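Worksheet: the structure to be examined is printed underneath.
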Amino acid sequence: MTTPPLPRNESRRLDALRELLILDTPPEERFDRISAFAAKEFDVPMALVSLVDRDRLWSKSQFGFEERESPREESFCGHAIHMPDALVVPDALKDPRFCDNPMVIDKPYVRFYAGSVLRLPYGQVVGTLCIMDRRPRQFDRLDVAILGGLRDMVVEEMFRREEATS
C-alpha cells in the first residue's frame, strides 16, 4: 500500500477545510441525496462525500458504507486530492498503490474507485465525491463528467451551508 503524499499546500488546504465548519457535523439530507443518487446512477453499492482532514478521511455523507471515518493513510481519497479532476481505479487489486490496502483485502472489499475532487472556488481541494464497487469496472469520459457534475452540486451545498452559518 502506498501512503498518499501530502499536497504542497497542505496547510492552506486544511485551513480552507476548517473554514467550511462542516467537519464532525451531523448527516444532512442534501448531501445524502447526492451520494445516494451517485450510487444509483453508477449502479455501485457505495458512495461518499468525503473530506480529507489532517490524519483522517471523514464522510459528510455515506451511502452503503459503514465507517464514518478512516485513517487518511489508507484512503483512496488521499490520493485523489492530488488529481486535477478525478482519480479512477478500475481494479484496486491490480494497482500497486492499493493492492494490499485494508479496504481492498478486507471489508468493504473495494475493487473499483472513482473520486472527483471537491475543489473550492478559490482553488483548495478539501475532499471528494467518490463511488466504490466490490468488483472491477470501467469508467469512461462521460462517467467522469457525470460524477463531476454531481461533485459540483456537493461544492454548491457546502457554500450554502457556509452562507447559512455566517
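The structure displayed is predicted, hence computed values, not measured ones.
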N/O donor-acceptor pair under 3.5 Å between His79 side chain and Thr2 backbone: yes
Quick note, salt bridge (charged side-chain N to carboxylate O under 4.0 Å, His left out) partners involving residues 103-131, not counting sequence neighbours, are Asp91-Arg111
Check Val144 against Val88 and note the closest heavy-atom contact, atom names and distance. CG2-CG2, 4.2 Å
Are Leu23 and Leu120 connected into the same hydrophobic cluster when the rule is that any two of I, L, V, M, F, W, Y join if their side-chain heavy atoms are below 4.5 Å apart? yes
CD of Glu157 to CD of Glu28, rounded to nearest 0.5 Å, is 8.5 Å
In this structure, would Phe112 and Tyr109 fall into the same cluster of hydrophobic residues linked by side-chain contacts under 4.5 Å? no
Determine the interplanar angle of the Phe139 and Phe42 rings, folded into 0 to 90°, and report it as parallel if under 30°, tilted if 30 to 60°, perpendicular if over 60°. tilted
Restricting to non-hydrogen atoms, name the atom on Arg151 and the atom on Leu129 that form the minimum distance, rounded to 0.1 Å. N-CD2, 3.5 Å
Anything under 3.5 Å between a donor and an acceptor, one on a side chain of residues 44-53, the other on a protein residue two or more places apart or in another chain? List them.
residue	atom	partner	partner atom	Å
Ser50	OG	Thr128	O	3.4
Ser50	OG	Thr128	OG1	2.9
Asp53	OD1	Arg18	NH1	2.8
Asp53	OD1	Arg18	NH2	2.9
Asp53	OD2	Arg56	NE	2.9
Asp53	OD2	Arg56	NH2	3.2

CE (Met103) and OH (Tyr113) are apart, to the nearest 0.5 Å, by 9.0 Å
Under 3.5 Å, side chain of Gln62 to main-chain N/O of Phe65, donor-acceptor pair present? yes
Quick check: is Trp58 connected to Met158 through a chain of hydrophobic side chains (ILVMFWY, heavy atoms under 4.5 Å apart)? yes
State yes or no: do Leu147 and Val110 share one hydrophobic cluster built from I, L, V, M, F, W and Y residues joined by side-chain heavy-atom distances below 4.5 Å, directly or via other members? no
Identify whether Leu57 and Ile81 are in the same connected component of the hydrophobic contact network (ILVMFWY, side-chain heavy atoms under 4.5 Å). yes
So, taking the atom named CG in Leu20 and the one named CG in Asp15, what distance separates them when rounded to the nearest 0.5 Å? 11.5 Å
In short, Asp140 meets Leu142 closest at the heavy-atom pair OD1-N, 3.1 Å
Are any side-chain N or O atoms of Arg13 and backbone N or O atoms of Pro7, one a donor and one an acceptor, separated by less than 3.5 Å? no
Please check if atom CD in Glu67 has more than 12 non-hydrogen atoms from other residues, nucleotides or ligands closer than 6.0 Å. no
Steps toward side chain to side chain contact (heavy atoms under 4.5 Å, CB included) verdict (Val154, Phe31): CA-CA 7 Å; Val154 171; Phe31 293 106; 4.1 Å; yes
For Met153, the side-chain contact (heavy atoms from CB on, under 4.5 Å) test, sequence neighbours excluded, returns Ile34, Leu150
Exercise: identify the closest heavy-atom pair between Ser61 and Ser35: OG-OG, 2.7 Å
Closest heavy-atom pair and its distance - Val89, Arg97: CG2-NH2, 4.2 Å
Which value, rounded to the nearest 0.5 Å, describes the distance between Ser116 atom OG and Asp143 atom CG? 12.0 Å
At their closest point, which heavy atom of Cys99 faces which heavy atom of Val104, and how far apart are they? O-CG1, 4.1 Å
Looking at CG of Leu87 and CG of Asp95, how far apart are the two atoms once the value is rounded to the nearest 0.5 Å? 8.0 Å
State the NZ-CD1 distance between Lys60 and Ile22, to the nearest 0.5 angstrom. 5.0 Å
